[in-house]
Amino acid sequence: MNIFDMTMSALADFLRENGENPAKAPMIFDAVYKQKIRDFSHMGFCGRVTEKLSAIDFVELKTVRRLENESAGKLLLELSDGNFCETVLMRQSFGACVCVSTQVGCNMGCKFCRSGQIKKRRNLSTGEIVGQVLAISREFNCKVYGVSVMGIGEPFDNFDAVRDFCEIITEDKGLAVGRRHVTVSTCGIVPEIYRYADSFRPTGLAISLHAPNDELRNRLMPINKKYPINEVLTAAEYYTNKTHKRVTLEYIMLSGINDDKTHAKELAEIINGRDFYVNLIPYNSTDCGFEKSSPEKISDFCSVLKENGVVATKRKEFGAELNAACGQLLSEYE
Ligand code: SAH
């Protein structure tokens, strides 16, 4: 058993099952995440409790490569079975934000994405996702302000581990990342969007849309053949109504593919007054055969959205020079 796999309630259950007071769970969270103690015998418990807790290990991730510039950092981490995962730090003006991976490889096969070309080998465990946040905080000596679940992998293809991860990092007694500062990004697995909206205290939601019509989205993102745009947006609307949180629609700007003003108009039409927020993402060049749109194209696109009543911003670029595009570090290393 790895402590970093355990939510507060799992830890309380463990204590209860072992005849101990579950009220010790918050103290253990505080010791592990706030005081960074990695030995139960240093937490001030008596020998009997320490003995029972010794069934739980502290398994952290080993850094095998570390890249850094003024505003971004990137780690390649080794998992206990010899697989690797990537995690990224972005130093924003308001604090340090971590982008975590959820799988080794990914099966979604988006045409523009480097990770989609590395077939999924397995899901990451909760502890391995938590371990990425701890590794960033340790290697770059920072307090984590926000977390995006936007690294390699499809989070809703690993739902339970991601949900527990969100519970653990937002725990007040632990890392205490604000719920509003955690965003899970999905390519649009509709049933899981509903499940997420209905889950206990859901965190933020972003949807990788990238196209304003099914014909184009089918070509870029195979998942669209299973869950077309209107089903995805209906699920997103359900999430907003349920949680009163605004959904972000991510839109990568691909030169000559989806970046025309007519696409912007079409996007505004399908949003149709709903309370979504569009984030235009400059494409991070990879060897997938797509080019990034020019800054003028992006500005024009953004203006058309705004003229049509859509709230839209352009995402700040981080780490392009660190090869931070999903999957790039891993594919080079291997
Ligand atoms: N599978 C999830 C989360 C991982 S991808 C999802 O699809 O949302 C995180 C985001 O990065 C997605 O919006 C994805 O489409 C985008 N992305 C993938 N490759 C990219 C690249 N080369 N440049 C910019 N964004 C990219």
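By convention here, the first residue in the shown sequence is residue 1. Counting starts at 1 for both ligands and their atoms, in listed order.
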Under 4.0 Å from a heavy atom of [X]: give me the atoms of ligand 1 that qualify, with their elements.
{"X": "H210", "answer": "13 (O), 14 (C), 15 (O)"}
{"X": "G153", "answer": "1 (N), 2 (C), 3 (C), 4 (C)"}
{"X": "T286", "answer": "22 (N)"}
{"X": "C187", "answer": "6 (C), 7 (O), 8 (O)"}
{"X": "C113", "answer": "18 (C), 19 (N)"}

For ligand 1, note which part of [X] has a heavy atom under 4.0 Å away: side chain, backbone, both or neither.
{"X": "T186", "result": "backbone"}
{"X": "I252", "result": "side chain"}
{"X": "R114", "result": "neither"}

Ring geometry between F40 and F58 (parallel below 30°, tilted from 30 to 60°, perpendicular above 60°):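 Tilted.
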In one Ile/Leu/Val/Met/Phe/Trp/Tyr side-chain cluster, 4.5 Å: I223, F159: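 Cluster IDs for I223 and F159 match.
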Closest contact, heavy atoms only, H263 versus L216: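 Of all heavy-atom pairs spanning H263 and L216, the closest is NE2-CD2, 4.1 Å.
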Backbone or side-chain N or O of V149 under 3.5 Å from ligand 1 N or O: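 No, since none of the N or O atoms of V149 sits under 3.5 Å from an N or O of ligand 1.
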Donor-acceptor contact below 3.5 Å, side chain N258 vs main chain A211: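 Checking the backbone N and O of A211 against the side chain of N258, no donor-acceptor pair under 3.5 Å is found.
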Close approach of E250 to ligand 1, heavy atoms, under 4.0 angstrom: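 Flag set, E250 near ligand 1.
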Sub-4.0 Å heavy-atom approach of C106 to ligand 1: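 For ligand 1, residue contact (heavy atoms, under 4.0 Å) with C106 is absent.
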Y238 vs I193 side-chain heavy atoms within contact, under 4.5 Å: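 No, every pair of side-chain atoms sits at 4.5 Å or beyond.
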Short side-chain donor-acceptor distance under 3.5 Å, Q103 and N158: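 No, no side-chain donor-acceptor pair sits under 3.5 Å.
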Distance-only side-chain donor-acceptor flag, R163 / S199, under 3.5 Å: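 On atom types as modelled, these side chains do not qualify, holding no pair under 3.5 Å.
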From the candidates G151, C110, S185, the one that places a heavy atom nearest atom 4 (C) of ligand 1: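 When every heavy atom of G151, C110, S185 is considered, G151 comes closest to atom 4 (C) of ligand 1.
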Reference residue Y145; test side chain to side chain donor-acceptor pair (under 3.5 Å); the match among Q92, R91, H181: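 Output: one option passes, namely H181.
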